[in-house]
Peer 1: 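Attaching a single structure in structure tokens format; questions to follow.
FYI, side chains are in, hydrogens and waters are out, and symmetry mates aren't considered; it's all heavy atoms of this structure. In listed order, ligands and their atoms are each counted from 1.
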Amino acid sequence: MLFWKDKQNDKPAEKAAPEAAVTAEVAAPVEAEEAKSPESKKTIKIAVLTSGGDAPGMNAAVRAVVKSAHARQDVNVLVYGVDHGYNGLIEGKFTPMGLRAVSNTLQSGGTKLCTARCKAFETPEGVKQAADNCFNEGINGVVVIGGDGSFRGARDLTNAGIPCVGIPGTIDNDIGCSDYTIGYDTAMNTAMRMIDNLRDTAQSHDRCNIVEVMGRHAGYIALNTAIASGAFAALVPEKEADIDRDIIDRINFVQGTGKKHFIIVVAEGVGNIDEISRQIKEKTGRDTRTTILGHIQRGGSPSVRDRVAATQMGHRAVELLCSGNGGRVVAMKGEKVVDYEINEALQMKKDFPFDLLQVASDVSI
Ligand code: ADP
């Protein structure tokens with residue numbers, strides 16, 4: 001019987017006997033003979049960090065990395081958590097994470113490893129410092145959970161000799177290589193619930209509420225929450241709107257049919273909602289209010305979809321590093337987990353669902 005040392009709590013946890021050998025270039029190949037004997041198994045060290053904007057489900061991804069590492073039977077995998085994204089790498093803050101370090105984290109929002117934006121990491125000196133710290137600690141690979149900015153950092157660190165695997169973690173769903181990003185579903189559900197509340201008061205006062213939702217330069221959250229909350233219009237950065245034609249003329253038309261309250265969902269990438277509000281009030285006579293939902297969309301317990309996607313992607317990241325495949329990004333293609341070479345991933349673009357925008361428009365009146 002082999003025991004896994006839980007370094008966090010200094011308690012051994014039971015680990016199953018090995019079944020198969022896997023070639024792991026990251027940690028140097030595991031010899032077939034070595035793999036047969038549990039005592040002589042290769043040990044590899046993986047660091048994990050969260051970077052950029054936080055997203056619900058990041059903890060689930062970290063948990064999946066720790067648990068999947070523990071489950072490896074071909075190699076011993078030690079996982080180290082890194083505080084505050086790339087800042088922690090530059091400062092050399094590696095904390096051993098045993099199984100109990102991720103207890104009770106699956107359902108929690110935010111990121112327990114904390115996240116940050118790290119300007120120093122955008123310089124060659126910063127990347128070199130981080131790589132040197134990884135070499136000194138014996139780190140064989142890093143899992144980076146974040147957005148495309150974080151993946152650029154992961155590419156640089158890979159080029160500096162530390163193989164990285166990126167996992168898309170952002171509420172904005174704006175990663176070109178992945179149909180889905182961790183946190184997106186939870187954020188949309190949060191926005192939808194908030195807009196439902198706004199609808200109550202819009203209806204009570206016969207008002208037009210203009211709501212700004214997050215998404216950075218992308219309109220995915222806006223489009224989907226507009227449909228899910230029965231909004232009168234969705235404004236997204238991917239399609240320039242004509243406020244007079246697309247909103248004001250339509251409000252004036254349907255006011256004649258008795259409709260008195262309106263919800264307009266605007267993606268943050270579109271611009272100033274106060275100006276839109278002013279125009280609507282002036283040209284329709286309807287009382288207006290603006291609401292910026294803001295960071296409330298970033299928090300909260302992750303949805304089923306986010307927990308499952310985070311778990312699948314964390315598991316794949318460990319598989320990749322243990323089989324010598326650094327410099328990659330894990331992604332979702334439909335319901336399937338896939339992975340791409342990191343430079344290729346950074347070049348990829350995905351199509352905005354303009355057909356869904358048409359659906360939103362057709363059911364909005
Ligand atoms: P996100 O990962 O959510 O897109 P950012 O774009 O803010 O968020 O990037 C997060 C961090 O990734 C930055 O603070 C920086 O440390 C690192 N990063 C971003 N762009 C680069 C780059 N071009 N080269 C190296 N590191 C980068």
Peer 1: Would you call D287 and K281 a salt bridge, using N to O less than 4.0 angstrom?
Peer 2: yes
Peer 1: Below 4.0 angstrom, N of the basic side chain to O of the carboxylate: do R155 and D148 qualify?
Peer 2: no
Peer 1: Does R305 make a cation-pi contact with Y180 (under 6.0 Å, within 45 degrees of the axis)?
Peer 2: yes
Peer 1: So is K350 actually on top of Y220's ring, under 6.0 Å and inside 45° of the axis?
Peer 2: yes
Peer 1: With a cut-off of under 6.0 Å to the ring centre and 45° to the axis, is K259 in cation-pi contact with F262?
Peer 2: yes
Peer 1: I need the contact residues for ligand 1: any residue with a non-hydrogen atom closer than 4.0 Å to the ligand, ordered by chain then number.
Peer 2: S51, G52, G53, Y86, R117, C118, F121, E122, G147, D148, G149, S150, R152, G153, D156, R216
Peer 1: For M188 and N224, which heavy atoms make the closest approach, and how far apart are they?
Peer 2: SD-CB, 3.3 Å
